[in-house]
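A short write-up of the structure that comes next.
Quick caveat: nothing in here was measured; it's all calculated off a predicted structure.
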Amino acid sequence: MLMKYQQILEEIHKEVVPLLGDGKVADYIPELAKVDPGKFGIYLLFLNEEAYYIGDAHEKFSIQSISKVFMLALTVAHLGEKVYERVNVEPSGDPFNSLVQLEYECGIPRNPFINSGALVITDLMISHLNNPKEELLSFIRELVGQEDICYNETIAASEKACGFKNAAMVNLMKSFGNIKNDVEEVLDLYFDFCSIEMNCNELARAFRVFANHGKGVIDAKRYITESQFKRMTAIMQTCGFYDEAGEFAFRVGLPGKSGVGGGIAAILPGEYSIVVWSPGLNPKGNSLAGMKALELFTTKTGTSIF
Ligand code: GLN
């Protein structure tokens with residue numbers, strides 16, 4: 001067993017190395033453009049503690065939109081079903097930063113895993129949590145079981161300086177009454193959330209709680225209810241990869257979430273979490289080699305939710 005998974009990760013590593021130059025590192029956030037596109041890491045973590053990794057699996061990177069999963073989990077844990085009155089649960093079929101549907105859907109975002117949806121979640125967090133910036137970090141630290149998970153203020157500032165589309169989105173939603181707080185406050189906090197840095201190992205530990213239906217594997221604490229877990233996983237499956245969610249389900253077959261930092265975190269509920277990092281993105285903003293690596297993994301191991 002031990003050899004089997006390690007060998008598979010090694011095979012995958014070899015197969016994706018030629019792809020590492022093909023993707024394009026996100027450069028609309030100037031700080032992210034500095035990341036080495038040759039980086040590649042995978043961390044695979046089973047509920048029973050078996051773990052396998054390869055490459056740069058212990059190097060921190062900007063988790064970007066993967067933080068949207070933590071934001072949603074914390075917010076539903078506090079507010080329950082009410083969250084879904086302000087954000088829908090349909091795949092958008094549009095890029096993650098699109099404004100198009102907001103206009104004719106009266107400022108209600110398609111789902112919580114595109115930028116507009118996460119901005120509404122941020123607004124809810126400001127309204128209902130005492131100190132959302134601290135609380136999100138504490139929540140993630142608790143899921144991981146480690147204290148040194150932090151925001152990167154340089155990346156947050158870099159995104160804020162160029163975040164015109166997110167600003168447009170917040171203002172449009174505010175005009176429809178779906179943003180209750182000050183738009184600058186919402187944007188600042190959203191950029192902070194995107195700037196969190198973690199490595200594949202830390203993300204795999206956090207997502208293992210989701211693979212375990214919302215219950216900590218080590219502390220046995222229930223972080224989200226079984227029903228909240230079901231809903232969140234369904235949204236990961238249908239909306240976790242923007243306008244490539246269908247393609248990801250088709251090729252990989254696991255619920256998950258990507259970010260423009262090049263990370264992808266995915267789970268096989270009841271079995272494992274797996275995180276891959278490779279900063280070169282495909283045209284839809286998902287890690288090019290990361291998606292290929294996960295496709296190879298589920299194919300070689302014969303594991304997927306289908
Ligand atoms: N911070 C990024 C943005 O708002 C997050 C996008 C992403 O990771 N897909 O554009």
Side-chain angles (χ1 to χ4, degrees), residues 26 28-29 63-129 132 136 159-160 163-196 224 228 230-249 255-260 265 284-286:
Y28 74 99
I29 302 173
I63 72 168
Q64 292 295 319
S65 275
I66 300 175
S67 64
K68 293 177 169 73
V69 176
F70 301 126
M71 292 160 62
L72 180 66
L74 181 63
T75 309
V76 296
H78 271 79
L79 302 182
E81 291 292 295
K82 270 205 312 216
V83 170
Y84 300 112
E85 289 165 13
R86 298 267 306 272
V87 56
N88 283 328
V89 293
E90 292 298 335
S92 71
D94 275 329
F96 61 83
N97 57 359
S98 173
L99 281 98
V100 172
Q101 291 166 341
L102 285 175
E103 174 84 66
Y104 61 82
E105 290 180 355
C106 302
I108 307 286
R110 270 285 166 120
N111 68 69
F113 290 163
I114 49 176
N115 290 12
S116 52
L119 286 161
V120 167
I121 298 294
T122 306
D123 186 57
L124 280 165
M125 290 169 76
I126 295 172
S127 299
H128 297 280
L129 273 57
L136 187 74
E159 181 164 16
K160 185 177 161 67
F164 307 113
K165 261 197 127 172
N166 285 316
M169 252 173 251
V170 158
N171 279 290
L172 183 57
M173 292 191 289
K174 179 98 181 164
S175 78
F176 283 109
N178 200 22
I179 292 289
K180 312 293 179 194
N181 296 284
D182 175 60
V183 294
E184 286 302 318
E185 191 183 355
V186 174
L187 280 171
D188 282 352
L189 188 59
Y190 169 80
F191 293 139
D192 284 335
F193 290 162
C194 292
S195 80
I196 293 169
I224 51 174
Q228 288 164 351
K230 183 189 83 178
R231 296 186 189 293
M232 205 178 76
T233 310
I235 305 171
M236 280 200 250
Q237 183 68 41
T238 54
C239 312
F241 300 84
Y242 325 115
D243 43 343
E244 209 168 35
E247 181 80 8
F248 191 85
K257 184 74 200 85
S258 63
V260 292
K284 307 275 187 181
N286 294 313

TODO: Would you indicate whether Lys230, at its atom NZ, is surrounded by more than 12 heavy atoms from other residues, nucleotides or ligands within a distance under 6.0 Å?
DONE: no

- [ ] Check whether any side-chain heavy atom of Leu72 sits under 4.5 Å from a side-chain heavy atom of Phe113, and report yes or no.
- [x] yes

Open item on the list: Any heavy-atom pair between the side chains of Gln64 and Ile29 that's under 4.5 Å?
Closed with: yes

- [ ] Only pairs at least two apart or in different chains count here, so list each salt bridge (charged side-chain N to carboxylate O under 4.0 Å, His left out) that has a residue in residues 116-127.
- [x] Arg86-Asp123

- [ ] Starting at CG of Leu79, measure out to CD1 of Ile121 and round the result to the nearest 0.5 Å.
- [x] 8.5 Å

Open item on the list: Could you report the tightest heavy-atom contact between Gly107 and Pro109, atom names first, then the distance?
Closed with: O-CD, 3.4 Å

Task: Asp94: partners by side chain to side chain contact (heavy atoms under 4.5 Å, CB included), with sequence neighbours left out - done: Ser92, Ser98, Val100, Gln101

TODO: For Phe70, check ring-ring contact (aromatic ring centres under 6.0 Å, His included) against everything at least two apart and list the hits.
DONE: Phe207

TODO: Starting at OG of Ser67, measure out to CG of Leu136 and round the result to the nearest 0.5 Å.
DONE: 7.0 Å

Task: Euclidean distance, Leu124 CG relative to Ile179 CD1, rounded to 0.5 Å - done: 8.5 Å

Task: Side-chain heavy atoms of Val260 within contact of Cys194, under 4.5 Å - done: no

Task: Main-chain N/O of Glu90 paired with Arg110 side-chain donor or acceptor, under 3.5 Å - done: no

Open item on the list: What I'd like to find out is whether the side chain of Tyr28 reaches to under 4.5 Å of the side chain of Lys165, using heavy atoms alone.
Closed with: no

TODO: Taking the side chain as every heavy atom from C-beta outward, state whether Leu74 and Leu129 have any atom pair closer than 4.5 Å.
DONE: yes

Open item on the list: So, using side chain to side chain donor-acceptor pair (under 3.5 Å) as the criterion, who are the partners of Asn88 when residues are at least two apart?
Closed with: none

Pairs of donor and acceptor atoms involving the side chains of residues 231-242, under 3.5 Å and at least two apart or interchain, shall be tabulated with distances.
residue : atom : partner : partner atom : Å
Arg231  : NE   : Glu81   : OE2          : 2.9
Thr233  : OG1  : Phe229  : O            : 2.7
Thr238  : OG1  : Ala234  : O            : 2.9
Tyr242  : OH   : Ser65   : OG           : 3.4
Tyr242  : OH   : Lys257  : NZ           : 3.2
Tyr242  : OH   : Ser258  : O            : 3.3

Task: Inter-residue atom distance Met71.CE - Ile196.CD1, 0.5 Å rounding - done: 9.0 Å

Task: Close side-chain approach of Met169 and Asn97, heavy atoms under 4.5 Å - done: yes

TODO: Applying side chain to side chain donor-acceptor pair (under 3.5 Å), name anything that partners Glu159, two or more places apart in sequence or on another chain.
DONE: none

Open item on the list: Less than 3.5 Å apart, any donor N or O on the side chain of Tyr190 or Lys68 sitting next to an acceptor on the other?
Closed with: yes

Open item on the list: Can you give me the closest heavy-atom contact between Lys174 and Asp182, atom names plus distance?
Closed with: NZ-N, 4.5 Å

Open item on the list: For a side-chain contact (heavy atoms from CB on, under 4.5 Å) check, start with the C-alpha distance between Val120 and Val186, then their side-chain angles and the critical distance, and finish with the verdict.
Closed with: CA-CA 8 Å; Val120 167; Val186 174; over 6 Å; no

Open item on the list: Once rounded to the nearest 0.5 Å, what's the spacing between atom CG of Asn166 and atom CG of Asn171?
Closed with: 11.0 Å

Task: Thr122 (side chain) donor-acceptor with Leu189 (main chain) under 3.5 angstrom - done: no

Open item on the list: Using modelled atom types and a 3.5 Å cut-off, is there a donor and acceptor pairing between side-chain atoms of Gln228 and backbone atoms of Val76?
Closed with: yes

Open item on the list: Within this structure, what is the CG-NZ distance for the pair Asp188 and Lys160, rounded to the nearest 0.5 Å?
Closed with: 3.5 Å

